[in-house]
Protein chains: 2
Amino acid sequence: MAEITIKYLAQKLNLAPSTVSRALNDSHEISDATKMKVLALAEELNFQPNPYARSLREQKSKTIGVIIPERINNFFSQVIDGMESVTRAYGYHLLVYNSNEDTEQEKNILSLLIGGRVDAIVMSISRFDQKSDHIDKLKKRNTPVVFFDRISTNFPTTKFITNDYEVGYQGTVHLIEKGCKKILFLMLSNENSNGIERLRGFKDALKKKNITFEANWVIECSHSDEKNIALLESIFYKLDRPDGVLASVEKLALATYRALSRTHIKIPEQVRVVSFSNMKIADLLHPPLTTISQPAYEIGEECAKLLIKKLTKKNQPDLEDKIVTIPSVFTERESSK
Amino acid sequence: MAEITIKYLAQKLNLAPSTVSRALNDSHEISDATKMKVLALAEELNFQPNPYARSLREQKSKTIGVIIPERINNFFSQVIDGMESVTRAYGYHLLVYNSNEDTEQEKNILSLLIGGRVDAIVMSISRFDQKSDHIDKLKKRNTPVVFFDRISTNFPTTKFITNDYEVGYQGTVHLIEKGCKKILFLMLSNENSNGIERLRGFKDALKKKNITFEANWVIECSHSDEKNIALLESIFYKLDRPDGVLASVEKLALATYRALSRTHIKIPEQVRVVSFSNMKIADLLHPPLTTISQPAYEIGEECAKLLIKKLTKKNQPDLEDKIVTIPSVFTERESSK
DNA sequence: TTGTAGGCGTTATCAT
DNA sequence: ATGATAACGCCTACAA
């Protein structure tokens, strides 16, 4: 760890440590002359104050803990990029953890953080329907917490999500207006809050457009690509096959592409596809995929801004218990032309 | 931050803080009886030692700084996942920063870290040919540093890369043996060390197979997908078009797919494609893409293991100045059948 | 304007 | 087996 300390600088300059400290912090009660001297030496020796001594003294770490359920996922990467863009400007650091969609790991990570290692936590929880005892513990400590995307509904704090319902509705209406009459809604079996809202939008759109919803239009997929592809192939192989697909998760749109390719069914001529996705290369697929993408970077920025405000300003009230919705972006491409 | 301290526990139990500390650290010079008592209360009150007090005292942070040039990139996500899998097992934390391919930012991040905030640094530098003054500063402090993928050749430490040359060679031989006679090598214009090695492998493979290399087979692409696609379209539109493509970067393979799709040229019948890529969905493309993928997770694990060893064992020598090569994996799929 | 002293929470050293 | 004390590096009352 570091070697050059305030004490050392003080000694070199024949000053008291407190004077050096004040000079470094640009206190008004230090003469310009000594300020210069101190700053010059600090610069020369590349002095960096020991962050842990400072944290201990000030009772804050200038660090924010981030817990995501998955790292290999553009959405979460973009969110963190958004957060980092604001936290770094304020001298805050990001400790990032991957819970691997596992409540147990989530719990462990949380227990690492409540010791004061971080001043605040941003998280997207690993499962929707979990018991949230471990999250509730956070309430006792007064570490501010913010949720995004996969939110804990019970825990009273600010949560950032996107307008899943509306955009599910919008995507469905789009498919119907392009002529689709039998639309599949693809979702993962252990679906979370987002998927449920999206499905609600889907159903309401059908109703609005006077299309009778049938239960078997909702396809619960697994986490295995191969299985999903096989399942979809079998569905599309039938004569009365669907003519539209709304995929609530990116990987299911890709499975659809593969299945349709194998069965030689054309997109969008025979089946139109719309998917929730934050994939950068949606427009490089064949055909380019119509997407509903979440404002990931912006969600990250908002989470960070809120916490920075809470942490840096005096007398901030507790984070409001509310849900903030940031709209997703619908981008029409050839897959639903 | 935290409220429950060792001192508080000591007071509750009518013990000295030092005794409590020793009990918590399972010292052999504490009676089982008091150990029990202490542990029980600590458990009950959910005591977590203040990490910053400990860091200050022990002169180590149990934190490793990670600097990557880009977050929205499966390769780096996988690397970090690999690192986290080992660091967490040893109680180490990861502070992650994105330099956004910008040397200036990289410099700033580095200066944040040398204050003792981290016990070690893992980084993949933002550019190949940069002046590395800011990195050299690390030498003065004795913070261990490890590089991976985009390495600083001058800085004496252990570096982890993959066998770019060999696998570039292998991919090219594969294309030739499938019948390709005119193969394009696609690379980004501001290429880094990896790309150069891959190109070397490409050229040597041609020579070995008695195919005369022509300078215009190397296509320098830009960072704009649209431009790249247009460029490739123009190349493939000609009569004497190439019959093979080796893309040194994933995005260029995707541009190739798009260009070939637009010009109605079939993969692999008319053009075979092989690409360096860590994309999870290579097998869901149309057609599935033959890839050379870097052992990202493993690279992360190795970086972390090395540092953990250096940090946790006594009397470790400086990190050896050497390059460790972990082989990439060649996966043949339909795009080069 | 500058110096002195104490303490943030922990652990190691030296007593008892 | 346990207690008292000092120190890690920093900042902030309080003193001068």
Side-chain angles (χ1 to χ4, degrees), chain A residues 1-39 41-42 45-63 91 112 114-119 141 314, chain B residues 1-39 41-42 45-63 91 112 114-119 141 314:
Chain A
M1 299 216 347
E3 319 89 30
I4 299 163
T5 68
I6 285 190
K7 211 191 264 180
Y8 179 81
L9 295 180
Q11 195 182 320
K12 281 277 177 199
L13 294 165
N14 261 321
L15 287 170
S18 55
T19 308
V20 175
S21 171
R22 276 181 280 231
L24 290 169
N25 292 311
D26 203 27
S27 162
H28 58 277
E29 47 182 9
I30 296 291
S31 74
D32 285 355
T34 46
K35 251 184 213 173
M36 293 293 198
K37 274 199 300 188
V38 172
L39 258 27
L41 186 63
L45 299 181
N46 230 289
F47 168 77
Q48 289 291 121
N50 182 308
Y52 299 116
R54 188 177 266 176
S55 292
L56 181 58
R57 174 65 229 241
E58 315 238 282
Q59 297 294 78
K60 55 183 160 192
S61 63
K62 291 218 136 199
T63 302
L112 293 174
I114 56 172
R117 190 176 291 274
V118 296
D119 296 339
R141 316 271 166 167
K314 290 276 171 202
Chain B
M1 300 216 347
E3 319 88 31
I4 299 161
T5 68
I6 284 190
K7 212 192 261 180
Y8 178 82
L9 295 180
Q11 194 182 321
K12 281 278 177 199
L13 293 165
N14 259 323
L15 287 170
S18 53
T19 308
V20 175
S21 171
R22 275 180 283 229
L24 290 169
N25 291 311
D26 201 27
S27 161
H28 58 277
E29 46 183 8
I30 296 292
S31 75
D32 285 355
T34 45
K35 252 184 213 174
M36 294 293 200
K37 273 198 302 188
V38 173
L39 259 26
L41 186 63
L45 299 182
N46 228 291
F47 167 78
Q48 290 289 124
N50 182 308
Y52 298 116
R54 188 177 266 177
S55 292
L56 181 58
R57 176 66 230 234
E58 315 236 283
Q59 297 294 77
K60 55 185 163 192
S61 62
K62 290 220 138 198
T63 302
L112 293 173
I114 56 171
R117 190 176 291 275
V118 297
D119 296 340
R141 316 269 166 169
K314 288 278 172 201

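The analysis underlying the following values was restricted to heavy atoms, covering all of them including side chains, and did not include hydrogens, waters or symmetry mates. Keep in mind that what you see is a predicted model, and the values were worked out from it rather than measured. Residue numbering restarts at 1 for every chain, and letters A, B, ... go by the order of the sequence lines.
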[X] [atom1] to [N] [atom2], straight-line distance once rounded to whole Å:
{"X": "A:His28", "N": "D:dT12", "atom1": "NE2", "atom2": "P", "answer": "12 Å"}
{"X": "A:Ile4", "N": "D:dC8", "atom1": "CD1", "atom2": "P", "answer": "16 Å"}
{"X": "A:Arg117", "N": "C:dC8", "atom1": "CZ", "atom2": "P", "answer": "21 Å"}
{"X": "A:Gln48", "N": "D:dG9", "atom1": "CD", "atom2": "C1'", "answer": "14 Å"}
{"X": "A:Leu24", "N": "C:dT2", "atom1": "CG", "atom2": "C1'", "answer": "15 Å"}
{"X": "A:Leu56", "N": "D:dT12", "atom1": "CG", "atom2": "P", "answer": "13 Å"}
{"X": "B:Lys60", "N": "D:dA7", "atom1": "NZ", "atom2": "C1'", "answer": "17 Å"}
{"X": "A:Tyr52", "N": "C:dG7", "atom1": "OH", "atom2": "C1'", "answer": "21 Å"}

Are A:Asp119 and A:Thr63 close enough that some pair of their side-chain heavy atoms sits under 4.5 Å apart?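 Contact flag for A:Asp119/A:Thr63 side chains = no.
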Heavy atoms from C-beta onward define the side chain here; which of [options] lies closest to that of [X]?
{"X": "A:Lys7", "options": "C:dT2, D:dC8, C:dT11", "value": "D:dC8"}
{"X": "A:Arg54", "options": "D:dC10, D:dA4, C:dT11", "value": "D:dC10"}
{"X": "A:Ser18", "options": "D:dT12, C:dT10, C:dT13", "value": "D:dT12"}
{"X": "A:Arg22", "options": "D:dC10, C:dG9, C:dT4", "value": "C:dT4"}

Using the side chain to side chain donor-acceptor pair (under 3.5 Å) criterion, which residues pair with A:Ser27? Sequence neighbours excluded.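 For A:Ser27, no residue satisfies side chain to side chain donor-acceptor pair (under 3.5 Å) once neighbours in sequence are set aside.
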Please list, by residue number, the residues of residues 29-36 of chain A whose heavy atoms come closer than 4.0 Å to an atom of DNA chain D; answer none if no residue qualifies.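 Going residue by residue through residues 29-36 of chain A, none turns out to have a heavy atom under 4.0 Å of DNA chain D.
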Bend angle of the helix from C:dT1-D:dA16 to C:dT16-D:dA1 from five-pair axes at both ends, rounded to 10°?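 Taking five pairs per end, the axes differ by 50°.
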Closer than 4.0 Å, any side-chain N/O of [X] to the OP1 or OP2 of [N]?
{"X": "A:Thr19", "N": "C:dG3", "value": "yes"}
{"X": "B:Gln59", "N": "C:dT11", "value": "no"}
{"X": "B:Asn50", "N": "C:dC8", "value": "no"}

Sort out for me which residue in B:Thr34, B:Asn25, B:Val38 forms a side chain to side chain contact (heavy atoms under 4.5 Å, CB included) with B:Val20.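 Looking at B:Thr34, B:Asn25, B:Val38, the match for B:Val20 under the side chain to side chain contact (heavy atoms under 4.5 Å, CB included) is B:Val38.
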Using the side-chain contact (heavy atoms from CB on, under 4.5 Å) criterion, which residues pair with A:Glu58? Sequence neighbours excluded.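 A:Glu58: side-chain contact (heavy atoms from CB on, under 4.5 Å) contacts with A:Arg54, A:Lys60.
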The criterion is side-chain contact (heavy atoms from CB on, under 4.5 Å); which residues satisfy it with A:Leu45, sequence neighbours excluded?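 For A:Leu45, the residues satisfying side-chain contact (heavy atoms from CB on, under 4.5 Å) (neighbours in sequence not counted) are A:Ile4, A:Tyr8, A:Leu9, A:Leu41.
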Return the set of residues passing salt bridge (charged side-chain N to carboxylate O under 4.0 Å, His left out) with A:Lys7 (not counting sequence neighbours), or none when no residue passes.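 So A:Lys7 forms no salt bridge (charged side-chain N to carboxylate O under 4.0 Å, His left out) with any residue.
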Can you name the salt bridge (charged side-chain N to carboxylate O under 4.0 Å, His left out) partners of B:Lys35, sequence neighbours left out?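 So B:Lys35 forms a salt bridge (charged side-chain N to carboxylate O under 4.0 Å, His left out) with B:Asp26.
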Mapping B:Leu15 and B:Arg57 to their closest nucleotides on DNA chain D, which lands nearer the 5' end?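 The residue closer to the strand's 5' end, by nearest nucleotide, is B:Leu15.
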Is there a donor-acceptor contact under 3.5 Å from the side chain of B:Tyr52 to the main chain of A:Arg117?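 Checking the backbone N and O of A:Arg117 against the side chain of B:Tyr52, a donor-acceptor pair under 3.5 Å is found.
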Tell me the closest heavy-atom pair linking B:Gly115 and A:Pro51, and the distance in Å.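 Result for this residue pair: O-CD, 3.3 Å.
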Can you tell me which residue pairs pass the side chain to side chain donor-acceptor pair (under 3.5 Å) test with a partner in residues 13-24 of chain B, sequence neighbours excluded?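 Every pair satisfying side chain to side chain donor-acceptor pair (under 3.5 Å) with a residue in residues 13-24 of chain B: B:Ser18-B:Arg22.
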So B:Phe47, base contact, sugar-phosphate only, or nothing? Heavy-atom distance under 4.0 Å.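 Sugar-phosphate: the residue B:Phe47, judged by heavy atoms under 4.0 Å, touches backbone atoms but no base.
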